[in-house]
Amino acid sequence: MSQAVLAITEQIDGSFKNVSFEVISAGAKIAGSLKGQLAVAVMGSDIENIAGQAAEYGAEKILVVDHDGLKDGLSDACTQAAAQLVEKTDPLVVMIGATSLGKDIAARLSARLNAPLAMDCVDVRVDGDQVVATRPMYGGKVLADVRLTGSPAIVTIRPRAIKAVVAPGAGEVEKVDINLDGTRLNLVEKHMETGKIELTEADVVVTGGRGMGGKDYGVIEALAESLGGAVGASRSAVDEGWRPVADQVGQTGKVVAPNLYVACGVSGAIQHLAGMASSRVVVAINKDPEAPIFSKCDFGIAGDLFEVVPAVTAEIEKLKD
Amino acid sequence: MEIAVLLKQVPTTESLIDIADDGVSIKTDGINWVMNPYDEMAVEEALQTRDEVGGKVTVFSLGPEKAVAVLRTALAMGADAAVRIDPEDKILDGIAVAKVIAGELKKDAFDLVIAGHRAVDDDNFQIGPAVAEIMNIPHISMVIEKNIADGKIKCTRTIEGGTIELETALPALITTQRGLNEPRYASLTGIMKAKKKPIDTRLLSETGTDPGTPMVETIAMRLPPQRQGGRMIDGDSAADKAAQLVKALREEAKII
Ligand SMILES: Cc1cc2nc3c(=O)[nH]c(=O)nc-3n(C[C@H](O)[C@H](O)[C@H](O)COP(=O)(O)OP(=O)(O)OC[C@H]3O[C@@H](n4cnc5c(N)ncnc54)[C@H](O)[C@@H]3O)c2cc1C
Ligand SMILES: Nc1ncnc2c1ncn2[C@@H]1O[C@H](COP(=O)(O)O)[C@@H](O)[C@H]1O
């Protein structure tokens with residue numbers, strides 16, 4: 001049966017990624033505008049027990065694809081599954097989280113189906129009978145509205161850009177068989193850092209730049225921990241070898257949009273600002289009162305980060321008592 | 001090993017971007033155009049691979065006449081051959097670009113295609129995997145380490161929260177991520193030599209690929225809201241400043 005929207009979810013460690021709920025919510029809005037049904041795809045292995053959660057955010061139908069070959073979240077198997085779901089549901093719009101896996105699936109799917117694609121969107125709406133998506137370009141220096149003509153319109157949603165809204169749907173579960181013959185990627189090994197909060201999903205990000213002066217991020221880690229946040233780095237800190245590439249925030253790193261971004265010992269280069277500009281509140285701590293970051297923050301403290309940051313951590317801890 | 005590298009010319013990342021009068025593109029005066037930083041890594045990786053196992057590196061760019069500059073840069077770094085596909089002023093969306101590039105790549109037998117994982121202008125994250133799909137070859141995105149042996153390629157790629165090591169058979173396409181390598185600078189002799197190397201220019205209308213009509217069209221562009229200068233928090237000591245900051249975050253910003 002033809003569906004208005006197919007929302008494709010993703011899990012990590014047996015739970016939905018937050019972005020999945022955001023994608024379902026965005027899908028529910030679009031399905032509402034199109035006056036059609038929202039189908040949510042849950043693909044993986046042993047995922048039946050969590051699939052029902054999709055209903056809480058508005059899934060009318062939940063398509064459960066349980067297959068051993070989807071266990072590791074490899075892009076070719078997932079693309080193959082997604083293509084078969086599209087064929088089955090014939091949606092007008094396909095929505096996917098703009099994660100590293102989601103972007104791979106979306107790009108291959110659009111080529112396979114010869115369908116329009118808007119990547120990494122922060123908003124999506126229906127205008128007349130067309131889908132219009134808003135997406136950052138030039139590392140977030142510009143916001144562009146793009147119109148997608150053709151079907152299905154494929155839209156990937158940037159994590160944290162759209163709010164997940166609880167709005168129960170019928171959530172009728174249907175198991176779907178798919179064929180994964182001919183996939184070509186083989187998993188050798190997965191190395192996951194356990195317990196680490198992913199930068200792009202974090203509510204709070206505390207970043208240390210070249211002002212850290214070395215590998216010891218103790219004061220940054222302590223503040224991040226007391227706020228339940230993640231640790232970021234400027235490119236200079238990554239180039240110095242103090243932090244892994246995965247921690248880099250900026251135009252050639254990750255784009256983050258936490259509620260609170262604390263930049264410590266970061267000067268505020270345009271490439272860095274590009275990666276954090278959509279944070280809700282930005283705090284800058286820098287010993288140079290003239291540092292450009294102070295003109296792009298909400299609250300600034302001029303001072304030595306090694307004194308100020310521990311003091312801030314102590315204040316936060318006081319609140320908890 | 002026959003290696004193809006995909007190059008895009010983009011504004012430098014330092015560029016201040018403003019919107020042109022048409023409202024759907026950016027002002028280009030005063031912009032410095034360079035090779036997409038991820039594509040520099042792609043060229044570097046191709047050169048290192050060629051120097052290890054032998055073969056040839058061919059760089060491709062679909063772009064106007066001025067895109068020749070990035071092809072010359074790649075030749076100066078050490079690439080063997082360069083192809084520019086001239087779009088003849090046609091507006092192409094991501095899928096169209098992928099179709100045209102894949103069409104040209106299929107004309108030769110490449111064992112390995114390397115692209116950037118994104119271009120820092122449109123931030124599409126699309127062309128690499130889309131080209132691989134159209135060529136019907138596997139791809140691995142955001143590679144930070146790679147090994148080639150016995151007709152197979154093994155790569156470590158970044159994912160959220162960690163890395164994953166994957167293996168597939170050649171021919172394959174990979175996209176680059178920071179950490180893969182440090183791109184070399186072109187040497188002076190390299191630059192001199194590159195000036196004399198020919199660039200194979202192909203007109204879109206003669207490629208035999210129909211890019212189709214654009215399915216993705218920019219209808220408006222705007223600048224995101226800019227943060228104004230922040231409020232500086234004064235105080236006698238670090239502890240005093242910290243207390244005021246936390247109070248402001250709690251009472252004014254209401255985020256903690
Ligand atoms: C192609 C390209 C892509 C790039 N992409 C990115 C990117 O994605 N992300 C990114 O971040 N950068 C990127 N950059 C680099 C960018 O241009 C800047 O060089 C970089 O952001 C500077 O990092 P920083 O602020 O940590 O260091 P610096 O500019 O050196 O600033 C350090 C700051 O720390 C302050 N400081 C020093 N000691 C202390 C102390 N004890 N207490 C408090 N403050 C102190 C100093 O006053 C200074 O303001 C890119 C550059 C290029 C060319
Ligand atoms: N016009 C183009 N010509 C050649 N390669 C391109 C072009 N556009 C994109 N690419 C390649 O595809 C990568 C990803 O670009 P994008 O999908 O536009 O973000 C780039 O890093 C290049 O390697």
Side-chain angles (χ1 to χ4, degrees), chain A residues 76 99-100 103-104 107-108 110-112 116-120 136-139 141-150 184-193 196 198 245-246 251-252 259-260 270-271 277 281-284 294-303 307-308 311-312 315-316, chain B residues 11 13-14 17 19 26 37 94-95 98 120-126 129-130 133-134 138 140-142 144 154 158-169 177-179 215-224 227 229-233 238-239 241-243 245-246 248-249 253 255-256:
Chain A
D76 64 343
T99 59
S100 45
K103 285 187 277 209
D104 267 355
R108 281 199 88 117
S110 88
R112 192 170 298 185
L117 165 62
M119 201 69 105
D120 208 19
M137 288 172 67
Y138 298 91
K141 292 170 196 165
V142 169
L143 287 174
D145 288 338
V146 296
R147 181 164 58 205
L148 306 183
T149 310
R184 291 172 290 195
L185 294 182
N186 296 312
L187 176 71
V188 182
E189 230 179 320
K190 226 175 191 171
H191 309 266
M192 299 302 282
E193 289 191 47
K196 193 171 163 179
E198 165 56 27
V245 171
Q251 192 167 0
T252 55
N259 285 331
L260 175 61
I270 189 166
Q271 297 98 338
V281 174
V282 174
V283 172
F294 286 131
S295 62
K296 296 285 177 215
C297 71
D298 299 292
F299 300 103
I301 295 183
E307 292 170 15
V308 176
V312 175
E315 281 299 322
I316 306 273
Chain B
T13 54
E14 309 56 89
I17 302 288
I19 291 158
I26 62 157
I95 277 289
V120 299
D121 54 354
D122 57 27
D123 288 323
N124 261 340
F125 302 86
Q126 179 182 13
E133 177 67 32
I134 298 166
I140 303 175
S141 299
M142 300 182 85
I144 54 169
K154 206 196 279 185
T158 56
I159 58 173
E160 287 82 6
T163 59
I164 183 168
E165 202 177 334
L166 298 165
E167 189 185 61
T168 194
Q177 162 67 323
R178 264 173 53 74
M215 295 184 283
V216 180
E217 190 192 353
T218 301
I219 54 172
M221 266 189 184
R222 60 191 170 278
L223 300 177
R227 257 190 188 82
R231 173 141 75 77
M232 294 305 288
I233 292 182
K241 290 179 196 171
L245 171 68
V246 171
L249 291 178
I255 49 163
I256 54 174

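Treat the numbers as computed from the prediction; the structure is a model and nothing was measured.
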Notebook entry, point to check: Do B:L166 and A:N186 pass the side chain to side chain contact (heavy atoms under 4.5 Å, CB included) test, and can you show the C-alpha distance, the side-chain angles, and the key distance before you say yes or no?
Noted result: CA-CA 6 Å; B:L166 298 165; A:N186 296 312; over 6 Å; no

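Between A:D145 and B:R222, the shortest heavy-atom distance links the atoms OD2-NH1, 3.1 Å. Among all heavy-atom pairs drawn from B:A242 and A:V308, the shortest one is CB-O, 4.5 Å. Looking at every heavy atom in both residues, B:M142 comes nearest to A:S100 through SD-CB, 4.1 Å. The shortest non-hydrogen separation linking B:R227 to A:D298 is NE-OD2, 2.9 Å. A pairwise comparison of heavy atoms in B:D123 and A:Y138 identifies OD2-N, 3.5 Å as the closest pair. When every heavy atom of B:E133 is checked against every heavy atom of A:R108, the shortest pair comes out as OE1-NE, 2.7 Å.
The choice from B:I19, B:L223, B:I159, B:I140 that makes the most heavy-atom pairs within less than 4.5 Å of chain A is B:I159. The candidate from B:T158, B:V216, B:T218 with the greatest count of non-hydrogen atom pairs under 4.5 Å with chain A is B:V216. Between chain B and the residues A:K190, A:K196, A:E307, A:R112, the most heavy-atom pairs under 4.5 angstrom are made by A:R112. When B:M221, B:K154, B:E14, B:E160 are compared by the number of non-hydrogen pairs under 4.5 Å with chain A, B:E160 comes out ahead. Options A:R184, A:H191, A:E315 differ in how many heavy-atom pairs under 4.5 Å they form with chain B, and the most are formed by A:R184. Most heavy-atom pairs under 4.5 Å with chain B: of the set A:V283, A:V281, A:T252, this distinction falls to A:T252. Here B:S141 is the residue among B:G94, B:G179, B:S141, B:P37 with the most heavy-atom pairs under 4.5 Å with chain A. With chain A as partner, the option from B:K241, B:Q177, B:M232 having the largest number of non-hydrogen pairs under 4.5 angstrom is B:M232. Among A:I316, A:D76, A:L143, A:I301, the residue with the largest count of heavy-atom pairs under 4.5 Å with chain B is A:L143. For chain A, the option among B:A169, B:A239, B:P224 with the highest count of heavy-atom pairs below 4.5 Å is B:P224. Your options are A:N259, A:D120, A:L117, and the one with the most heavy-atom pairs under 4.5 Å with chain B is A:L117.
Contact check for A:V245 versus B:I144: no side-chain heavy atoms found under the 4.5 Å cut-off.
In this structure, the portion of B:I255 lying under 4.5 Å from any heavy atom of chain A is its side chain and not its backbone. Heavy-atom distances place both the backbone and the side chain of A:Q251 under 4.5 Å from chain B. With a threshold of 4.5 angstrom between heavy atoms, A:A302 approaches chain B through its backbone and through its side chain.
Each of B:I26, B:D122, B:I17, B:V120 was evaluated against A:M137; a single residue qualifies, B:D122, per the side chain to side chain contact (heavy atoms under 4.5 Å, CB included) test.
Atom NZ of A:K103 and atom CG of B:N124 lie 11.0 Å apart (nearest 0.5 Å). We find the CD-OG1 distance between A:E189 and B:T163 to be 8.5 Å, quoted to the nearest 0.5 Å.
Looking at residues two or more places apart in sequence or on another chain, you find a side-chain contact (heavy atoms from CB on, under 4.5 Å) between B:A130 and A:A111, B:A98, B:Q126.
Side chains of B:T13 and A:Q271: a donor-acceptor N/O pair is present below 3.5 angstrom, by distance only.
Using a distance-only test at 3.5 Å, with no hydrogens or angles considered, no donor-acceptor pair links the side chain of B:E217 to the main chain of A:R147.
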